[in-house]
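To keep things clear, I will list the structure first and then write my remarks on it.
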Amino acid sequence: MPRIRFVGRRAAALLAAPFALSIAQVPSAPAVPAVPAVDSTIDNGIRMLVSRLELEKYKATVKGLTQFGDRRQGTKRNRDAVDWIEAQLKSYGCANIERMTYEFAPTPPAPRPAGAGGAGAAGAATRTQGQGGSRMRGVRTRTGVNTDSLAQTDLKLRALNSEPTTPGQRQEVVCTKVGTTRPDEMYIVGGHMDGHGWGEAANDDGSGTAIVMELARIFSNPDVTTERSIRFALWNNEETGLNGARAYVAQRQALQGVENPRGSGTYPEPKWLGMIQHDMMMFDHGMPNPDGTMRKEQRPEADVNIEFQSNSKMAAESQKLAWVLHAANEKFATDYPATVGPHMTNTDSGPFQDLIAAISLRENQRGAEVGAGWDPQWHQVTDVYATYDDADFRLGLNAAQTTLSAVAQLTGAKVKRP
Ligand SMILES: [Zn+2]
């Protein structure tokens, strides 16, 4: 039977190849390097891309975002920041810069049930259930959003942040690295450019926005090609309930993978392969002290927390993506390790989690740690550029190294040799 003969021939070929190889290797005693040559070429290319991430450039981008104060959605300072981000992306040569428009008409907040929200003094002693299915342990401090303008003692910053938000039209900006052989497929790399709390939203989420912008800069360099596409998304309205990312999913989900115009080879909305979100990237000073104060320095054990949501439809795919980033961190990140956890929550990857592989990178676990008050600047007047030192900024840089190297692998990135 032809079928059997075919299988037999293939099996023979498979057997013959390694046999022939082992005979050829016998005369030379030195061991063959374990890493295949082709792999190390790819690694060298990725290493070159990672080396283009610089602490000073990352800091400068965070600083640039803080000139617009807390960038609260529905204000001029927010719109000015969108304009500035767009101008930066343009200067990097990032392709297909788009403004996405949506309406934001907030409904008045529902009254909070007793015990919900921040870890107030009464609930703190007994409540251990954190958001996203997490469990809180250890010392907790108060959390919440500062709404008191007078808490900001920097008068210039107070004035900058003074315009209140009004409902209405909103915009957010994205740009794309178009793939060479698979332009119809893409990974989405995101951060949210809006903030609140009367500070500068330097960490939440200037730190994640700057990562996305830095990756857009590096992937847009003319000597870099990727087989698949990468979209860089600077979400607006995260702090009001992920409204910018939700609008993107609502407007774009059905357009995935459609060639338009037909026969053009152009795919305005490539098929989504994964979404990688960056939100609060710099401050990992550990558990608060028993008296509620914080360690002054980044803790030596600081790490990048990669989270997926185990209670989502795409949990298996998301976990797989998380481990790809974890492996990339071990190989390419210079200073800080990564940890994978199952409780991704309260960030722009949420609207994607039942549709595609979706993960978030953070300074800490969102549910168990940030939610327990481990970041005292969170939504406060103290979330300003001057609060952070190089060890803090370096954690953000290591998250950038992690995502850059993973996405480079996932999209088949290559750097042209000079
Ligand atoms: Zn945030």
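Values below: all heavy atoms of this structure, side chains included; hydrogens, waters and symmetry mates excluded. Counting convention: from 1, in listed order, for ligands and their atoms alike. These figures come from a predicted structure and were not determined experimentally. Numbers here are sequence positions counted from 1.
- The distance from the Zn ion (ligand 1) to the nearest N/O/S atom of Asp279 is under 2.8 Å.
- A search for ring-ring contact (aromatic ring centres under 6.0 Å, His included) contacts involving His343 returns nothing, not counting sequence neighbours.
- Taking the Zn ion (ligand 1) as reference, the nearest N/O/S atom within Asp204 carries the name OD1.
- Residues Phe219 and Leu49 share a closest heavy-atom pair of CE2-CD1, 4.4 Å.
- Of all N/O/S atoms in His192, NE2 sits nearest the Zn ion (ligand 1).
- Judged by distance alone, the side chain of Arg394 and the main-chain N or O of Leu55 form no donor-acceptor pair under 3.5 Å.
- Remark: Arg182 pairs with Asp184, Glu185 by the salt bridge (charged side-chain N to carboxylate O under 4.0 Å, His left out) rule, at least two apart or across chains.
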